[in-house]
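Note sheet for the following structure.
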Amino acid sequence: MNEKNTRKVWFITRPERDPRFHQEALLALQKATDDFRLKWAGNREVHKRYEEELANMGIKRNNISHDGSGGRTWMAMLKTFSYCYVDDDGYIRLTKVGEKLIQGEKVYENTRKQVLTLQYPNAYFLEPGFRPKFDEGFRIRPVLFLIKLANDERLDFYVTKEEITYFAMTAQKDSQLDEIVHKILAFRKAGTREREEMKQDIAAKFDHRERSDKGARDFYEAHSDVAHTFMLISDYTGLVEYIRGKALKGDSSRINEIKQEIAEIEKRYPFNTRYMISLERMAENSGLDVDSYKASRYGNIKPAANSSKLRAKAERILAQFPSIESMSKEEIAGTLQKYLSPRDIEKVIHEIVESKDDFEGINSDFVEAYLNEKDNLAFEDKTGQIFSALGFDVVMRPKAKNGERTEIEIIAGYGGSKFGIIDAKNYAGKFPLSSSLASHMASEYIPNYTGYEGKELTFFGYVTANDFTGERNLEKISDKAKRITGNPISGFLVTARTLLGFLDYCIENDVPLEDRAELFVKAVKNKGYKSFEALLRELKETI
């Protein structure tokens with residue numbers, strides 16, 4: 001998406017000036033929405049009420065807009081830092097960290113954590129209404145990036161507002177730190193004319209707006225306010241000092257302490273890739289408070305230097321699974337034995353498997369591979385692995401009970417004596433559940449597998465790589481199947497992202513492996529779920 005009209009420079013919403021008042025902004029929102037009972041989306045009266053409450057709190061000037069735009073801007077700030085999000089029904093939902101701020105628990109620690117872990121992309125910047133979008137290449141934590149810059153010995157432990165505007169704010173990845181340091185050093189050594197040419201070049205290359213003839217000066221005026229905001233919120237962390245209007249200053253006397261804390265933050269709060277699954281899952285996970293975080297898959301274990309290559313190999317092998325915490329030691333050892341010696345497997349089991357609590361969470365490598373899978377067979381296998389992580393007893397490409405050739409892709413057993421049959425559809429576009437496909441499920445698949453291994457067939461379903469149509473045909477399949485088999489059998493349609501979202505929810509909320517399958521089956525009601533949010537709504541009374 002590297003197009004002219006996409007953002008190529010950092011951005012943050014305007015009301016952010018001092019994180020000390022994030023709590024007050026949330027309390028004002030709570031009051032304006034009647035304890036979050038009033039609908040937010042499209043409700044301009046509530047937006048205006050929010051402005052009024054902000055003014056009453058003394059954190060906004062008492063000039064209320066006609067359409068509530070000021071309230072929406074403040075709400076954008078709260079969503080940016082993942083204190084809350086707006087659900088599919090238009091209501092505000094607090095994340096755990098938002099709840100803690102409302103309750104007044106560890107306000108500084110929780111606010112500081114949200115500032116430090118702010119990232120591009122995040123849930124708010126991916127909302128349909130946010131324009132213009134960021135380039136797809138962004139994968140950076142801007143505040144941490146600035147703190148590293150300001151504490152870099154090569155830069156003499158400071159970085160100016162001008163350098164932040166022209167250089168730091170054009171970085172799209174955390175890995176560009178050295179690149180930006182070298183650019184700043186070159187800028188500092190350059191003469192006046194050469195500096196101006198460097199700034200003009202950056203303005204021409206990175207400004208997404210319609211540019212005027214003012215060039216670099218116009219670029220600076222447009223983006224230095226964002227730099228100012230980032231300098232202020234970076235100062236809030238205590239890891240740098242803001243020299244007002246001029247620079248961020250590091251602290252050479254604390255450099256080892258600061259580096260250690262940065263390393264701990266990056267380990268404890270790994271970059272969040274849940275935007276590939278669901279914006280709600282993204283917001284919920286980014287909005288975990290300081291006492292309920294989940295570390296990365298291999299979070300708190302530091303391998304010895306001589307075992308780092310072995311560990312990296314093991315991680316690459318285990319990346320084929322959606323969730324390590326749902327696998328037994330025997331299953332992981334069985335996978336590794338194809339690649340590693342018994343002694344190496346023992347080392348890996350000791351370092352990784354027996355510390356699974358330290359890396360609970362969905363495997364982001366698996367997520368990315370699954371959602372971009374081109375091979376149909378591999379898509380089917382990965383779908384089966386997800387159902388296995390959901391506690392189902394999975395059989396891939398089973399023979400029909402009459403011994404005929406393999407037909408259905410997945411059998412998902414549960415409860416000891418029940419099972420469902422699942423068709424995985426890796427369509428690049430929309431999967432259409434047509435009348436002919438529905439007829440085949442009802443007349444062929446269901447009769448052929450009814451009574452498989454003496455168990456009861458209770459559901460059927462389709463997992464689609466992308467969107468789908470034909471939801472109404474689920475009911476037709478059920479009706480026809482009941483006439484043929486005499487048993488009530490319900491179905492579902494679900495996207496790959498929705499399925500991943502459900503697994504992520506189960507892991508993060510400590511739903512036991514043995515309960516996940518039964519919970520999923522409760523949503524099998526001849527309905528289609530195009531988002532995790534839709535599935536969760538169906539299960540809200542159960543959960």
Side-chain angles (χ1 to χ4, degrees), residues 1-14 16 73 76-77 80 115 118-127 129-150 152 154-155 158-234 240 242 245-248 271 275:
M1 194 192 292
N2 291 309
E3 300 170 0
K4 180 180 177 181
N5 60 345
T6 56
R7 292 185 190 273
K8 299 172 178 63
V9 182
W10 297 0
F11 170 80
I12 198 165
T13 47
R14 283 191 61 83
E16 176 48 61
T73 303
M77 183 271 288
T80 295
V115 169
L118 174 67
Q119 70 173 63
Y120 301 141
N122 66 26
Y124 169 60
F125 294 138
L126 289 170
E127 285 185 358
F130 180 77
R131 291 285 187 275
K133 297 294 186 187
F134 280 94
D135 271 0
E136 289 182 351
F138 274 96
R139 188 184 170 100
I140 193 170
R141 292 184 164 182
V143 174
L144 275 180
F145 194 88
L146 283 183
I147 290 170
K148 290 177 184 178
L149 273 182
D152 197 300
R154 294 169 294 180
L155 296 178
Y158 78 93
V159 58
T160 69
K161 182 179 179 181
E162 182 181 44
E163 291 164 352
I164 291 171
T165 304
Y166 283 106
F167 300 103
M169 285 173 46
T170 64
Q172 294 193 0
K173 297 183 184 300
D174 291 321
S175 59
Q176 289 180 259
L177 185 71
D178 287 345
E179 174 190 334
I180 299 302
V181 167
H182 292 314
K183 287 182 177 180
I184 292 173
L185 288 174
F187 181 73
R188 290 179 182 180
K189 293 176 182 177
T192 303
R193 182 173 179 178
E194 188 180 356
R195 282 190 177 195
E196 190 61 30
E197 288 175 354
M198 292 171 73
K199 291 191 290 186
Q200 292 282 4
D201 182 60
I202 291 167
K205 184 176 179 181
F206 289 99
D207 203 341
H208 65 273
R209 304 166 304 122
E210 289 294 330
R211 291 180 290 275
S212 69
D213 292 335
K214 297 177 184 178
R217 183 164 61 87
D218 187 47
F219 179 90
Y220 186 79
E221 290 176 356
H223 299 289
S224 61
D225 187 51
V226 173
H228 168 68
T229 295
F230 271 114
M231 294 165 84
L232 278 170
I233 65 176
S234 297
V240 289
Y242 178 36
K246 295 182 179 180
L248 273 185
F271 193 89
Y275 55 86

**OP:** Give a yes or no on whether R131 atom CZ has more than 12 heavy-atom contacts from other residues, nucleotides or ligands under 6.0 Å away.
**Re:** yes
**OP:** Count the heavy atoms belonging to other residues, nucleotides or ligands that lie under 6.0 Å from NZ of K173, then report whether that count exceeds 12.
**Re:** yes
Are [X] and [Y] packed together at the side-chain level, in the sense that at least one heavy-atom pair is separated by less than 4.5 angstrom?
X    : Y    : value
V240 : L146 : no
P132 : T6   : no
P142 : Y120 : yes
I233 : I12  : yes
K183 : M198 : no
L232 : H228 : yes

Original post:
Is it true that K148 and D174 make a salt bridge, defined as a side-chain N closer than 4.0 Å to a carboxylate O?
Top reply: no
Subject >> NZ/NE/NH1/NH2 to OD/OE distance under 4.0 Å, E196 and K199 >> reply: yes
Looking at [X] and [Y], would you say the former's side chain and the latter's main chain have a donor-acceptor pair under 3.5 Å?
X    : Y    : result
D135 : K8   : no
R195 : F187 : yes
R154 : D178 : no

Measuring from atom [atom1] of [X] to atom [atom2] of [Y], what distance do you get when rounded to the nearest 0.5 angstrom?
X    : Y    : atom1 : atom2 : result
I147 : F230 : CD1   : CZ    : 11.5 Å
Y275 : L126 : OH    : CG    : 8.0 Å
F130 : T80  : CZ    : OG1   : 7.5 Å
N122 : F134 : CG    : CZ    : 8.0 Å
D152 : I180 : CG    : CD1   : 12.0 Å
K133 : R7   : NZ    : CZ    : 10.0 Å

[X] versus [Y], closest heavy-atom pair with distance:
X    : Y    : result
A168 : L149 : CB-CD1, 3.6 Å
H223 : M169 : O-CE, 3.5 Å
L248 : M231 : CD2-O, 3.6 Å
A247 : Y242 : O-CD1, 3.5 Å
A171 : W10  : O-NE1, 2.9 Å
F219 : T165 : CE2-O, 3.7 Å

**OP:** Kindly determine whether Q176 and T170 satisfy side-chain contact (heavy atoms from CB on, under 4.5 Å), including the steps that lead there.
**Re:** CA-CA 10 Å; Q176 289 180 259; T170 64; over 6 Å; no
Subject >> Test side-chain contact (heavy atoms from CB on, under 4.5 Å) applied to F125 and Q119, step by step >> reply: CA-CA 10 Å; F125 294 138; Q119 70 173 63; over 6 Å; no
Original post:
Is the H182-F167 ring centre distance short of 6.0 angstrom?
Top reply: no
